[in-house]
Amino acid sequence: MMTREMTWMGFLATVLIAVVLAIAAAREPDRQQQAAIDLRIESVIAGINLYAENCAVCHGAAGEGLGTTPALNNDGLRAMDAETIAKTIARGRYGTVMAAYNVDEGGVFTNAEIDQLVSVIQDANWKAVAARVDALGLTPPEAATVELTEETLASVRSLPDGETLANGLQIYATECAACHGANAEGTNIAPVLNSADLRATSTDDDLARIIAQGVPGTLMAGWSRTLTSEEIAEVVMLIQRWPELESAGVGIPVIEAAPVDMSPEAIALGARLFSLACAQCHGAQSYGTPMAPALNNQTFLEATSDAAIGQIIAGGVPGTVMPAWGGRLSEADIAALTAFLRSLETTAPAIARP
Ligand code: HEC
Ligand code: HEC
Ligand code: HEC
């Protein structure tokens with residue numbers, strides 16, 4: 001363990017010194033500057049572990065950005081004033097899943113730790129960061145996608161404006177079906193969208209507005225950050241013309257909700273994912289932190305079905321910092337997380353510890 005750690009530190013130090021020295025060489029380093037450089041290297045080394053444990057899950061092992069989360073490995077951020085970046089990390093971005101990380105803002109990091117994270121963003125070699133994230137076993141899993149069969153898409157394409165409808169259906173299958181049902185029939189957590197009523201009372205503009213802006217305080221998030229207005233228009237056309245799909249015999253197989261696998265392997269995977277993606281907010285063993293409520297208590301676990309836990313994890317809670325994990329974690333990962341949380345029920349305290 002120790003040797004592996006030291007090997008890595010050696011490798012990292014070499015890469016970093018090369019990078020940071022390259023910056024400094026141009027400025028004829030004197031003794032004082034050398035000390036400043038050493039400090040920056042130390043800062044990066046300390047920051048990389050914080051990055052691996054708290055940021056890689058959204059921003060990627062090499063800072064490349066995942067899904068709709070922006071990349072951090074770019075010249076724009078390297079050139080930016082360090083203070084500005086520190087502020088973003090400290091205060092988060094209101095109304096997005098980018099949480100406020102400073103202890104003063106209800107987060108978990110001191111100012112010094114935030115400065116270390118800024119050093120990573122501005123000075124680190126991202127290959128070294130990715131290697132460290134990988135060594136810690138924290139490389140985020142591949143994003144999950146829903147695939148429609150070619151046959152289904154072909155029958156949709158044969159309808160008038162079929163190409164647009166098919167695009168809309170692909171977006172729907174990936175982003176909306178989990179809540180609104182495979183065939184827009186609605187589920188216990190989201191209303192039916194294949195409805196004569198909805199079509200009669202909503203114009204295209206009404207639907208586009210709801211989809212773009214969401215319904216605050218409900219699980220219906222606004223999609224304007226994720227989907228272009230053209231893509232939203234495609235989904236709107238799909239919602240308006242769903243009966244034609246039905247007449248053409250297009251049916252999307254409903255994914256049966258299998259009972260959650262409670263095997264020791266599934267629970268162990270869930271525990272590992274939890275410490276990777278959730279513990280920084282919900283706390284170790286999910287006893288809660290100032291950033292997020294405890295999940296490890298009878299009140300929550302008794303009131304919330306496995307399906308509901310899975311949906312909350314996949315969809316997040318809009319208007320709060322609870323991220324939507326559906327695009328980042330596979331169904332199996334979400335089921336494993338559900339199994340892990342369920343496994344706590346036997347020993348969970350009756351109510352959340354303060
Ligand atoms: C749950 C996902 C998530 C996590 C975890 C996360 N971020 Fe972010 N971060 C985002 C999103 C989404 C944005 C873009 C917000 C916006 O649209 O303004 C963002 C934006 C940023 C930005 C601004 C980027 C820019 O180009 O302006 C910085 C810097 C940043 N994050 C750093 C971090 C650091 C450091 C950590 C770890 C302590 C972290 N983030 C953890 C999702 C996340
Ligand atoms: C996490 C679950 C979830 C996801 C994912 C989701 N929705 Fe919703 N949606 C809801 C809920 C809940 C409501 C009801 C909100 C309310 O109470 O007004 C809703 C409402 C709607 C409405 C208004 C329906 C009405 O009867 O007024 C439309 C339109 C809609 N969603 C479209 C979409 C589209 C298109 C997508 C995919 C891009 C999508 N939704 C993804 C949960 C979701
Ligand atoms: C950036 C911080 C953050 C991260 C990371 C995070 N959560 Fe959350 N989570 C929250 C907040 C805040 C809430 C409360 C939202 C609200 O006010 O309803 C929450 C709520 C929840 C709830 C619903 C609790 C309830 O009482 O209804 C579940 C379940 C949950 N989170 C699971 C997870 C899982 C599993 C992960 C990891 C995959 C995770 N969370 C990662 C912040 C976070």
Side-chain angles (χ1 to χ4, degrees), residues 47 50-51 53-59 65-72 74 76-77 80 84-86 88-89 92-101 107-109 113-114 117-118 120-121 168 171-172 174-180 184 186-187 189-193 195 197-198 201-202 206-208 210-211 214-215 217-221 223 225-227 231-232 235-236 238-239 270 273-274 276-282 286 289 291-295 299-300 303-304 308-326 328-329 333-334 337-338 340-341 352:
L50 297 179
Y51 179 85
E53 283 156 12
N54 296 282
C55 321
V57 67
C58 289
H59 289 286
L66 298 179
T68 54
T69 306
L72 299 179
N74 56 65
L77 285 170
M80 196 181 277
T84 310
I85 302 178
T88 300
I89 302 171
R93 287 271 171 84
Y94 185 75
T96 79
V97 298
M98 178 62 202
Y101 280 95
V108 287
F109 294 139
E113 286 169 326
I114 287 175
L117 285 161
V118 174
V120 172
I121 294 171
I171 296 165
Y172 181 85
T174 320
E175 310 287 7
C176 325
C179 287
H180 289 286
T187 66
I189 63 163
V192 53
L193 295 181
S195 126
D197 221 32
L198 181 67
T201 55
S202 321
D206 292 336
L207 290 176
I210 294 177
I211 296 167
V215 184
T218 76
L219 286 175
M220 180 63 194
W223 292 87
R225 310 176 80 90
T226 319
L227 301 176
E231 288 169 329
I232 291 176
V235 183
V236 167
L238 176 78
I239 294 174
L273 287 168
F274 190 87
L276 156 60
C278 326
Q280 78 263 28
C281 286
H282 288 283
S286 194
T289 73
M291 283 181 85
L295 305 171
T299 323
F300 170 74
T304 317
I309 293 178
Q311 287 297 352
I312 296 168
I313 298 171
V317 183
T320 78
V321 298
M322 173 61 194
W325 297 95
R328 287 190 287 270
L329 299 178
D333 292 336
I334 291 175
L337 280 162
T338 307
F340 166 66
L341 290 174

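Everything numeric here is computed off the predicted structure, so don't read it as measured data. Each ligand, and each atom within it, is numbered from 1 in the order the structure gives.
Annotation: side chain of H59 is in contact with side chain of Y51 (closest heavy-atom distance under 4.5 Å). Two residues are said to be in side-chain contact when any heavy atoms from C-beta on lie closer than 4.5 Å; V120 and L50 fail this criterion. In this structure the side chain of P323 reaches within 4.5 angstrom of the side chain of R328, judged on heavy atoms. Here the side chains of L198 and L207 are in contact, with some heavy-atom distance below 4.5 Å. The closest side-chain heavy-atom distance from L337 to L341 is not below 4.5 Å.
The heavy atom nearest to atom 22 (C) of ligand 2, considering only T201, I232, I210, V236, is found in I210.
Once rounded to the nearest 0.5 Å, the distance linking SG of C176 with CG of L238 reads 8.5 Å. Going from atom CG of L193 over to atom OH of Y172 covers 5.0 Å, rounded to the nearest 0.5 Å. A distance of 11.0 Å separates CD1 in I89 from OG1 in T84, rounded to the nearest 0.5 Å. The CG atom of L295 sits 9.5 Å away from the CZ atom of F340 when rounded to the nearest 0.5 Å. Separation of atoms CZ (F109) and CG (N54) is listed at 3.5 Å; rounding is to 0.5 Å. Distance check: I121 CD1 to L72 CG gives 5.0 Å after rounding to the nearest 0.5 Å.
Every residue two or more places apart in sequence or in another chain was checked for a ring pair (Phe, Tyr, Trp, His ring centres under 6.0 Å) with F300, and none qualifies. Partners of A292 under the side chain to side chain contact (heavy atoms under 4.5 Å, CB included) rule, at least two apart in sequence or in another chain, are C281, H282. Residues meeting the side chain to side chain donor-acceptor pair (under 3.5 Å) test with Q280, sequence neighbours left out: none.
Note on ligand 1: Y51 sits outside its first shell, no heavy atom being nearer than 4.0 Å.
Only the side chain of H180 comes within contact range of ligand 2, with a heavy atom under 4.0 Å; no backbone atom does. In V192, neither the side chain nor the backbone holds a heavy atom less than 4.0 Å from any atom of ligand 2. Using a 4.0 Å cut-off between heavy atoms, L50 makes no contact with ligand 1 at all. Only side-chain heavy atoms of L207 come within less than 4.0 Å of ligand 2; its backbone N, CA, C and O stay farther off.
Here is the list of ligand 1 atoms found below 4.0 Å of a heavy atom in I89: 32 (C), 35 (C). With ligand atoms numbered from 1 in the order given, ligand 2 contributes 32 (C), 35 (C) to contacts under 4.0 Å with heavy atoms of I211. Remark: ligand 1 atoms within the under-4.0 Å shell around heavy atoms of F109 are 38 (C). Every atom of ligand 2 with a heavy atom of L198 under 4.0 Å away is listed here by number and element: 25 (C), 26 (O), 27 (O). Applying the 4.0 Å criterion to heavy atoms of L337 picks out, from ligand 3, the atoms 38 (C). Atom numbering of ligand 2 starts at 1 in the shown order; those under 4.0 Å from a heavy atom of V235 are 35 (C). Taking every non-hydrogen atom of L117 and a distance limit under 4.0 Å, the qualifying atoms of ligand 1 come out as 38 (C).
Among the backbone and side-chain atoms of C55, no N/O/S atom is found under 2.8 Å from atom 8 (Fe) of ligand 1. For a distance bound of 2.8 Å, the N, O or S atoms of C176 include none lying that close to atom 8 (Fe) of ligand 2. Taking 2.8 Å as the criterion, M98 counts as a coordinating residue of atom 8 (Fe) of ligand 1, since one of its N, O or S atoms falls below it.
Atom 8 (Fe) of ligand 1 is closest to atom NE2 of H59 (considering only N, O or S atoms).
The protein non-hydrogen atom at the shortest distance from atom 17 (O) of ligand 3 is T320 CG2, 3.6 Å. In terms of protein heavy atoms, atom 12 (C) of ligand 3 is closest to M291 O, 3.3 Å. Among all non-hydrogen protein atoms, the one lying nearest atom 29 (C) of ligand 3 is F300 CZ, 3.5 Å.
Around atom 8 (Fe) of ligand 3, protein atoms of type N, O or S found under 2.8 Å number 2.
Listed here is the closest heavy atom pair of V57 and A277: CG2-CB, 4.0 Å. Scanning both residues, V321 and M291, for their nearest heavy atoms gives CG2-O, 4.2 Å.
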